[in-house]
Amino acid sequence: MTQTQEPKERTRIERYDPAAIEPRWQARWEELGLHKTDLQNARDRYYLLTMYPYPSGDIHIGHWYIKTPTDAIARFQRMHGKNVFLPIGFDAFGLPAENAAIRQKINPREWTMSNVANMRRQLRQMGATFDWDAEVVTCDPEYYRWNQWFFLKFLEAGLAYRQKSAVDWCPNDGTLAREQVEGAERRCWRCGAKVEKRELDQWYLRVTKYADELLDFSEIQFPDPVRIMQTNWIGRSEGGEIVFEAAPSADGSRPGGEEIRVFTTRPDTLFGATFMVLAPEHPLVAELTAPERRAEVAAYVREAQDATEIERLSTEREKTGVAIGADAINPVNGERIPIFVADYVLAGYGTGAIMAVPAHDERDFEFAQRFGLPVRQVVAPAGAPVSRDAAMSQAYVAHSDDEVLINSGEFTGLPADEGGRAIVGWLEAQGKGKPAVTYRLRDWLISRQRYWGTPIPVIHCPTHGIVPVPEKDLPVLLPDTVDYAGVGVNPLTRDEQFLNVPCPIDGEPARRETDTMDTFIDSSWYWYRYLSPRKQDGPIDPELVEAWTPVEQYTGGAEHAVMHLLYAREFTKMLRDLGLVQQNEPWKRVFNQGQILGADGERMSKSRGNVQDPDELVRQYGADTVRLFLMFMGPWDQGGPWSPTGIGGVHRFLNRVWALTLDPHAREPGDPDAGTLPEGQDETAARAALRAATHRTLRDVTADYEAFHFNTMVAKLMELSNTLFRYRGTSVAGGPEWDEAVRLLLLMLAPAAPHITEELWARRLAARGEAWSSIHRESWPEVDEAAARESTREVPVQVNGKVRDRVTVPADADAAAIEAAVLASPRIQQLLAGRTPDRIIHAGGGKLVNLVVRG
RNA sequence: GCCGGAGUGGCGGAAUGGCAGACGCGGCCGACUUAAACUCGGCUGCCCGCGAGGGCGUGCGGGUUCGAAUCCCGCCUUCGGCACCA
């Protein structure tokens, strides 16, 4: 096809100016109520939840990374006829507000609420369809009063209780969070004082009650890593609880007989127990320690308090411990074994005491080596049931089906598993043991010695002890004026107005609880509150909760894989047991995004100074480009260091979509082929090719949206726009296939880049004299499979696994036809040089052919 | 340390048992322009070769397979979490 016309100068079309169109459409959408959800109509409901932000002050690019693809999902689902509910709120209690208050002498509420106001404004710039009518701010008494109400219900149901627990304590600043304890020296971040451990009475929620149920993921779709991490976090182990007794002391001063319970996953190794270890915090340590050992043991126990749990559990760190100068009696054989105290045993796990079997446990082995303790093998492979006591250079921990007990008295010779059960059975008959299950999961410590949180609604009465605040007196308000007095200690503890309160029972003077709740309480039910944020007579609206939850899809950062995502499941089960909700799980599906790090590869935070502000990028390129770039950067679940490199390419793409839609006939002076169809295509072929490209793109893009593969979704739309650019200015441009392609391109792009597509859609309609309606109210288009099909395809041909040629065959060619085409290829004939392939492999239904030639 | 993820051109990444490097950035060349920018077109993993073509190549070392970025075993590096940051 020859080009007869001179290429004319590019038509002057109006420039793509996001700053001019974006605010206009955002205002229009608000008028239209595009973001509003009719909650009374739960037909085709789609509750889309995104983790509410902490109001740190500014929205940064990381918030956009989480929120804008979520908005694209919302818009995509609306185009599928769903009634989408996409609420937003603020996780407004927590440490940073207090830090700001202490440092800058600002009221935490003022600091928080001014940040909220700023972030509301910034969130609106995304062009996201958040339903602001549903907004929840957790530091609002109308929200946190219900935390208190739930707490009272938990208390009544026996799900909340009080117990002593150690905190990191600074003599000047009180309880410290982990991040406030600095360095190996463990010093206070504010005053530099040495941090101690202090035992405080604190509030717990009895969530271990749900441990087994939490291991059942059948009603919640988690990404595999999250499911695995939660499973490991809960850490169910089966085994036995075995009762050892303290032996009479050597000097005869103590008769012995104190019970020392141990938990073991390996009761089969009981005959190999050569010593016993108590956690430094174990209550029997003080009781059993021999007088001459007391000084050393006390010193060790003090030292152990300085180590973090992570350090204590490290398998790399050299084992430490001291003998307490007392023995225990192994119930299975009456042997006396020495008792040690060592920090690799934790008070909070199992019974806080272990029987040590160095032959079959790595940590015990290491400890035995260090202290010259005997190692006795009691389990061996069935084929070689001989003791290797002297020869063992490491613990034999392998636990297969094919092992037998040795050196185990009457149990010798039994298969290990069976032997373990037999030993527990025998002990049970003696009243010295029983089968047991232990979990790594601990009850939820909700007490915080802080001001900026939900006050725990109880009163301490000298006569009646702990008295719940009567429901009618809720909320227990945080005092508005707060004096930090320049220290980190919870100011509630010196606020006499807050503290002094009459006992609800007898009216006598009593004192309020000053601990506040963990902010993970706030985030454990906020999606229920979104459904009725201003409800006065209860925390949630049971009918709406029933109609709209479990949440269809929850999106948020992968850093919450265990804690928040587990606490909220626990909370839901507690609410269910109180009869408040009818569901086992809060959400049906969860997707975890990766995290956007600062340009330095570190977590974005104000203190590091690596926060990327999106405002500047929005000014330069517009919200659509920023949204699309964040989706295009890489897989959504991956995240990575922030870099704006490449954002220009995305902006160029939008400019090309603009030009294609408004000016299909333009010919680029820089393109030597401008206005001509691709070689080998007549007009009919070109029209079919364009249509095939359009519908293949639609098919793939639809699948990508559904799988949240936004990066490849954008890539495929870029490809389609490149194809359209190739046909721009040709005889095909502006024709029905072209028109369909542009229409579908805009529809496919609409969820991701809502403003530019709305603008172009409006102009298209106007150009055709049709009445305006929003592109975001259009239906998602249907794929025409017949059009997407191609008539021929290329089959790569390998010889011994290396691609050497490609043959083109009809799309419906069968294996025999492909084989014939392959063997007819001159290049393949030349490579075969007369040899016959030993095997011909047709892979993936004719996707590829591999000729295997030996010799 | 323990649990989980990731490692592919100069860069972000695509391909999850079948053509490695889609798409984009950057770079080079060209068109347009008085010029530059913008815009448009072409090329662009590395090495050898004028070319046709050949060799190498997905963190490292092994293995399974006709065929491995993808599965298995053993490492290394890095990121997230480890219960009071949210």
Side-chain angles (χ1 to χ4, degrees), chain A residues 7 9-10 51 53-54 56 91 93-96 99 167-168 175-181 223-226 228-229 231-233 235 308-317 348 440-442 444-450 518-520 523 557-564 566-567 592 594-595 597 601-603 605 629 632-635 637-641 643 645-650 652-653 655-656 659 667-674 711-712 714-719 722 725 794-798 800-803 806 837-844 847-853:
Chain A
E9 197 188 331
R10 262 181 292 159
M51 288 179 190
Y54 178 81
S56 54
D91 185 15
F93 274 137
L95 196 56
N99 291 340
V167 297
D168 286 324
T175 304
L176 299 181
R178 206 178 81 179
E179 63 165 21
Q180 296 177 313
V181 178
D224 284 347
V226 177
I228 294 165
M229 278 190 273
T231 301
N232 292 337
W233 181 272
T308 66
E309 216 165 277
I310 292 173
E311 286 163 355
R312 286 174 61 168
L313 286 172
S314 169
T315 50
E316 191 115 297
R317 183 161 164 264
R440 208 184 71 97
L441 183 72
R442 306 200 288 251
W444 182 0
L445 171 67
I446 60 162
S447 280
R448 298 291 181 269
Q449 291 77 49
R450 300 254 162 76
D518 182 0
T519 57
F520 277 123
S523 57
E559 68 276 21
H560 294 293
V562 177
M563 302 188 66
H564 162 58
L566 192 58
Y567 286 133
N592 283 138
Q595 223 176 343
L597 307 171
E602 300 282 325
R603 252 181 76 166
S605 75
F629 176 61
F632 182 61
M633 268 171 55
D637 57 4
Q638 205 170 285
S643 163
T645 309
I647 194 169
V650 172
R652 245 190 302 283
F653 162 63
N655 268 304
R656 284 159 71 95
R667 289 179 185 161
E668 291 296 336
D671 180 0
D673 297 325
N711 57 329
T712 52
V714 176
K716 281 159 196 161
L717 292 180
M718 286 173 164
E719 269 182 281
N722 289 344
F725 239 73
E794 228 178 33
V795 179
V797 185
Q798 296 184 332
N800 290 334
K802 280 178 197 270
V803 178
R806 278 159 237 275
D838 297 284
R839 275 177 77 182
I840 298 179
I841 288 152
H842 292 265
K847 232 159 127 189
L848 172 145
V849 173
N850 188 13
L851 307 177
V852 185
V853 190

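Note: hydrogens, waters and symmetry copies are ignored here, and every other heavy atom, side chains too, is used. A note on names: the letters A, B, ... follow the listed sequences, proteins ahead of strands, and every chain is numbered from 1. A quick note: this is a predicted structure, and the numbers were derived from the prediction, not measured.
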Using atom [atom1] of each nucleotide, how far apart are [N] and [M] to the nearest Å?
{"N": "C82(B)", "M": "G61(B)", "atom1": "C1'", "value": "31 Å"}
{"N": "C47(B)", "M": "G30(B)", "atom1": "C1'", "value": "28 Å"}
{"N": "C60(B)", "M": "C76(B)", "atom1": "P", "value": "15 Å"}
{"N": "G10(B)", "M": "G57(B)", "atom1": "P", "value": "15 Å"}
{"N": "C28(B)", "M": "G81(B)", "atom1": "C1'", "value": "46 Å"}
{"N": "A37(B)", "M": "C50(B)", "atom1": "C1'", "value": "38 Å"}
{"N": "C11(B)", "M": "U58(B)", "atom1": "C1'", "value": "16 Å"}
{"N": "G24(B)", "M": "U34(B)", "atom1": "C1'", "value": "34 Å"}

Ignoring backbone atoms, test whether [X] places a side-chain nitrogen or oxygen under 4.0 Å from the OP1 or OP2 oxygen of [N].
{"X": "Arg312(A)", "N": "G1(B)", "value": "no"}
{"X": "Arg450(A)", "N": "C84(B)", "value": "no"}
{"X": "Arg656(A)", "N": "G24(B)", "value": "no"}
{"X": "Arg652(A)", "N": "G26(B)", "value": "yes"}

Any base atoms under 4.0 Å from [X], or only sugar-phosphate, or nothing? Heavy atoms, all strands.
{"X": "Lys802(A)", "answer": "sugar-phosphate"}
{"X": "Phe653(A)", "answer": "nothing"}
{"X": "Val167(A)", "answer": "base"}
{"X": "Ile228(A)", "answer": "sugar-phosphate"}
{"X": "His560(A)", "answer": "base"}
{"X": "Asn722(A)", "answer": "sugar-phosphate"}
{"X": "Gln798(A)", "answer": "base"}
{"X": "Ser447(A)", "answer": "base"}
{"X": "Ile841(A)", "answer": "base"}
{"X": "Met718(A)", "answer": "sugar-phosphate"}
{"X": "Trp444(A)", "answer": "nothing"}

Go through [options] for me and flag the one nearest to the [X] side chain.
{"X": "Leu848(A)", "options": "G18(B), A86(B), A22(B)", "answer": "G18(B)"}
{"X": "Arg839(A)", "options": "C66(B), G18(B), G80(B)", "answer": "C66(B)"}
{"X": "Leu445(A)", "options": "A86(B), C84(B), C3(B)", "answer": "C84(B)"}

**Q.** Residues Arg442(A), Glu309(A): salt bridge by 4.0 Å N-O rule
**A.** yes
(Q) Once you measure the plane-to-plane angle for Tyr567(A) and Trp444(A), does it fall in the parallel (<30°), tilted (30-60°) or perpendicular (>60°) bin? (A) parallel
Q: Indicate yes or no: at least one non-hydrogen side-chain atom of Lys716(A) is less than 4.5 angstrom from one of Thr712(A).
A: yes
Q) Just wondering, do Val650(A) and Met718(A) contact through their side chains at under 4.5 Å, heavy atoms? A) yes
Q.
Can you tell me whether the side chain of Gln449(A) and the base of C84(B) have a donor-acceptor pair closer than 3.5 Å?
A. yes
Q) Do the side chain of Asn850(A) and the base of C66(B) come within less than 3.5 angstrom through a donor-acceptor pair of N or O atoms? A) yes
Q: Tell me yes or no: between the side chains of Asn722(A) and Arg656(A), is some donor less than 3.5 Å from an acceptor?
A: yes
Q) For RNA chain B, whose closest nucleotide is more 5', that of Leu441(A) or that of Thr519(A)? A) Leu441(A)
Listed pairs, N/O of protein and of nucleotides 10-14 of chain B, under 3.5 Å:
residue: G12(B); atom: O2'; partner: Met633(A); partner atom: O; Å: 2.7
residue: G13(B); atom: OP1; partner: Gln638(A); partner atom: NE2; Å: 3.2
residue: G13(B); atom: O3'; partner: Asn711(A); partner atom: ND2; Å: 3.4
residue: A14(B); atom: OP1; partner: Asn711(A); partner atom: ND2; Å: 2.6

Under 3.5 Å for both donor-acceptor distances, Watson-Crick or wobble: does [N] have a partner, and if so which one?
{"N": "G7(B)", "result": "C76(B)"}
{"N": "G1(B)", "result": "C82(B)"}
{"N": "C38(B)", "result": "none"}
{"N": "C56(B)", "result": "G45(B)"}
{"N": "U70(B)", "result": "none"}

Q: With sequence neighbours left out, write down each residue that passes salt bridge (Lys or Arg N to Asp or Glu O under 4.0 Å) with Arg448(A), or none if nothing qualifies.
A: Asp518(A)
